[in-house]
There are 2 protein chains.
Amino acid sequence: MREKKGILIVVSGFSGAGKGTLMKKLMQDYDNYALSISATTRQPRVGEEDGREYFFRTKEEFEKMIARDELIEYARYVENYYGTPKQYVMEQLEAGKDVILEIEIQGALKVKEKYPDTLLMFVTPPSAQVLKDRLVGRGTETAEVIDSRMKRAVEESQGVEKYDYLVINDDLERCAKEMHSIIQGEHDRVSRNADFIDDIRKELKEL
Amino acid sequence: MREKKGILIVVSGFSGAGKGTLMKKLMQDYDNYALSISATTRQPRVGEEDGREYFFRTKEEFEKMIARDELIEYARYVENYYGTPKQYVMEQLEAGKDVILEIEIQGALKVKEKYPDTLLMFVTPPSAQVLKDRLVGRGTETAEVIDSRMKRAVEESQGVEKYDYLVINDDLERCAKEMHSIIQGEHDRVSRNADFIDDIRKELKEL
């Protein structure tokens, strides 16, 4: 029998690479995924719902989760905590779902260290120019914000080599399909099929 | 720009796993593959053609190829040499084709050592019982041959952990599609896209 457990997948990428839309598309088009929801202590923004965008928690609640080792990873930005609750992820993996965490590189590497089987995927626009054009095109960002985003992208690009796959988001539909195909292929990795190999080896000797 | 070079792929598997038919199907259904043809000093069998099943060479010719380093790998079985001519493989890779070598495990590991980017795929039937049934079902093999094939399969299974992917050949069409999907996904490996990463990094700094 093949391994039935799901794969833990971390998706990172440049701000402006279209990760959010891509994840939505992936969840829409295929039914073997579960998207992990982060917990945070920051205030909900207008339109955000507890348990949909984030689990909104108080600082005290969040620190209890840390103390009880209930988070796969967490980080503190400015005044707020962000983290990935463990229970939901583990339940979904056991149920055979491939679970996607959308987190940035530091978090990604922490997860990989703790769970070496984690698949790391990095989403990029086809070129830096396209990234800039997208940010400018939104029309909502000041020149300074765009500039700081581009600088941040330079930093973000430093970690790419630690990732397993690089996915170019040139077209939403095509890119979602490609990610799905990569993840499906990963299920066939020899390292993810130790049980099957043990079984066939035993059976071969007995026949 | 994405890496345009092809991937070198070694396909191995149990005798009776259906590798040959699978490779034919893959070549038929997709046009980005080139199948490497081995050179050998053994006599052509009835129906075999030089340059189709094998390049048939004399022992002297073969040893010249060895001396000139014209083979990616070679081995000697009983009285005959078998090897993979380098030139055709390299030409096809440069032209962007994914090149498939169908060789056994010792050869596979030699290729991987020489070309670490090589993708190793192992083809297996769904179970040892299916493998035995297929051998029995052919109706052309004696009990002894079947027995020796099963023993050989035990040996062949010892190297599986060195491979990258394990592909279960339960259905020809499905399996060929799965292999194709895995190989396509491999083109997105971060390690195969160093040039793209360098380029976007440079561009990000300049914009």
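Convention: sequence-line order gives letters A, B, ...; per-chain numbering from 1.
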*Asks:* Under 4.5 Å heavy-atom distance to chain B, tell me which part of A/Lys132 shows up: side chain, backbone, both or neither.
*Replies:* side chain

*Asks:* Could you tell me which portion of A/Glu206 (side chain, backbone, both or neither) has an atom closer than 4.5 angstrom to a non-hydrogen atom of chain B?
*Replies:* neither

*Asks:* Check this for me: A/Arg42, atom CZ, are more than 12 non-hydrogen atoms of other residues, nucleotides or ligands nearer than 6.0 Å?
*Replies:* yes

*Asks:* Closest approach of B/Gly185 and A/Ile182, non-hydrogen atoms and distance?
*Replies:* CA-CG1, 3.8 Å

*Asks:* Walk me through whether A/Asn193 and B/Val160 qualify under side-chain contact (heavy atoms from CB on, under 4.5 Å).
*Replies:* CA-CA 10 Å; A/Asn193 287 280; B/Val160 180; over 6 Å; no

*Asks:* Does atom CZ of A/Arg149 have more than 12 heavy-atom neighbours, drawn from other residues, nucleotides or ligands, at distances under 6.0 Å?
*Replies:* yes

*Asks:* Hey, could you give me the NZ/CD distance between A/Lys177 and B/Gln184, rounded to the nearest 0.5 Å?
*Replies:* 11.0 Å

*Asks:* With chain A, which of B/Ser127, B/Ala128, B/Ser191 has the greatest number of heavy-atom pairs at distances under 4.5 Å?
*Replies:* B/Ala128

*Asks:* With a 4.5 Å cut-off on heavy-atom pairs, point out which of B/Met150, B/Glu161, B/Lys205 contacts chain A the most.
*Replies:* B/Glu161

*Asks:* Pair A/Arg189, B/Asp164 - check side-chain contact (heavy atoms from CB on, under 4.5 Å), show working.
*Replies:* CA-CA 6 Å; A/Arg189 281 252 151 206; B/Asp164 298 303; 4.0 Å; yes

*Asks:* Within a radius of less than 6.0 Å around NZ of B/Lys114, do more than 12 heavy atoms belonging to other residues, nucleotides or ligands occur?
*Replies:* yes

*Asks:* Tell me, for A/Leu120 versus chain B, whether the close heavy atoms (under 4.5 Å) come from the side chain, the backbone, both or neither.
*Replies:* neither

*Asks:* Do A/Glu186 and B/Tyr165 touch side chain to side chain, with heavy atoms closer than 4.5 Å?
*Replies:* yes

*Asks:* I need the A/Asp133 CG to B/Leu207 CG distance, nearest 0.5 Å.
*Replies:* 8.5 Å

*Asks:* Under 4.5 Å from any heavy atom of chain B, what part of A/Ile197 do you find: side chain, backbone, both or neither?
*Replies:* side chain

*Asks:* Under 6.0 Å from the OH atom of B/Tyr74, do we count more than 12 heavy atoms belonging to anything else shown?
*Replies:* no

*Asks:* Can you tell me how far apart CG (B/Asp188) and CE (A/Met179) are? Round to the nearest 0.5 Å.
*Replies:* 10.0 Å

*Asks:* Does the side-chain contact (heavy atoms from CB on, under 4.5 Å) test come out yes or no for B/Phe122 and A/Val190, once each step is laid out?
*Replies:* CA-CA 9 Å; B/Phe122 196 93; A/Val190 163; 5.5 Å; no

*Asks:* I need the A/Ile168 CD1 to B/Ile200 CD1 distance, nearest 0.5 Å.
*Replies:* 7.5 Å

*Asks:* Is it the backbone or the side chain of A/Gln158 that comes under 4.5 Å from a heavy atom of chain B, or both, or neither?
*Replies:* both

*Asks:* Count the heavy atoms of every other residue, nucleotide or ligand shown that sit under 6.0 Å from CZ of B/Arg52, and state whether that count exceeds 12.
*Replies:* yes

